[in-house]
Amino acid sequence: MIEIQCVSVDCADPYRLATWWGEALGLPLGEGDKPGDDEVMLQTESYPFLLFIQVPEGKSVKNRLHLDVSATAGSTREQEVERLLGLGATVYEDHRDAQGRGWVTMLDPEGNEFCVCRSQAEREA
């Protein structure tokens with residue numbers, strides 16, 4: 001058997017993008033990670049880690065793999081979409097419906113897609 005150790009994200013500026021995701025997810029950067037590093041990791045409690053790796057080419061097509069995130073206790077999908085917009089994300093596609101279901105596809109500062117889904121409490125209501 002295997003387990004997923006890291007989800008790696010190709011990017012132009014690993015420190016900048018890891019810092020953005022760290023703020024979005026409430027996670028610290030790896031010990032000793034600094035601007036100019038070609039790899040920066042977000043510290044998580046367990047696997048998988050998020051690893052940001054510098055690559056020379058920019059993003060040119062839709063991601064084949066993306067993160068789905070959801071609001072944690074005490075927050076809603078709508079609040080998290082607004083918070084992430086304030087951090088510099090943009091809305092790419094809005095898949096919310098009139099009944100409150102669905103998700104919002106957003107782009108991080110380097111254009112990587114991710115989806116903001118309803119919280120567990122919102123899904124149970």
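Computed from a prediction, not measured in an experiment: that's the story for all the values here. Residue numbers run from 1 in the order of the sequence given. Reckoned from all heavy atoms, side chains included, excluding hydrogens, waters and symmetry mates.
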Grab the two heavy atoms, one from [X] and one from [Y], that are nearest each other, plus how far apart they are.
X	Y	result
Leu42	Phe49	O-CD2, 4.0 Å
Met106	Ala89	CE-CB, 3.8 Å
Leu107	Phe114	C-CE2, 3.7 Å
Ser119	Ser70	CA-CB, 4.4 Å

Does [X] reach the main-chain N or O of [Y] with its side chain, forming a donor-acceptor pair under 3.5 Å?
X	Y	value
Asn112	His66	no
Arg83	Ala24	yes
Glu110	Ala12	yes
Arg77	Gly100	yes
Glu113	Asn63	yes
Lys59	Val61	yes

message = Angle between ring planes, Trp103 versus His95, binned at 30° and 60°: parallel, tilted or perpendicular?
response = parallel
Decide whether [X] and [Y] are clustered together by the hydrophobic rule: side chain heavy atoms of Ile, Leu, Val, Met, Phe, Trp, Tyr closer than 4.5 Å, transitively.
X	Y	answer
Tyr47	Ile53	yes
Val7	Val55	no
Leu85	Val116	yes

Rounded distance [0.5 Å steps], [atom1] in [X] versus [atom2] in [Y]:
X	Y	atom1	atom2	result
Asp37	Asp13	CG	CG	10.0 Å
Arg16	Cys11	CZ	SG	9.5 Å
Leu67	Leu25	CG	CG	7.5 Å
Arg118	Thr76	CZ	OG1	11.5 Å

query = Would Trp21 and Val9 count as a side chain to side chain contact (heavy atoms under 4.5 Å, CB included) if you check the C-alpha gap in whole Å, the side-chain angles of each, and the deciding distance to 0.1 Å?
reply = CA-CA 11 Å; Trp21 275 102; Val9 179; 5.7 Å; no
Are more than 12 heavy atoms, taken from residues, nucleotides or ligands other than [X], located less than 6.0 Å from that residue's [atom1] atom?
X	atom1	answer
Glu45	CD	no
Glu57	CD	yes
Glu23	CD	no

task = Start with the C-alpha distance between Trp20 and Leu87, add both sets of side-chain angles, then the distance that settles side chain to side chain contact (heavy atoms under 4.5 Å, CB included), and finish with yes or no.
result = CA-CA 7 Å; Trp20 187 88; Leu87 292 176; 3.5 Å; yes
message = If we check side-chain contact (heavy atoms from CB on, under 4.5 Å) with Met41, which of these qualifies: Leu27, Leu51, Leu50, Leu29?
response = Leu51
key: Residues Ser75 and Glu80: side-chain donor-acceptor under 3.5 angstrom   = yes
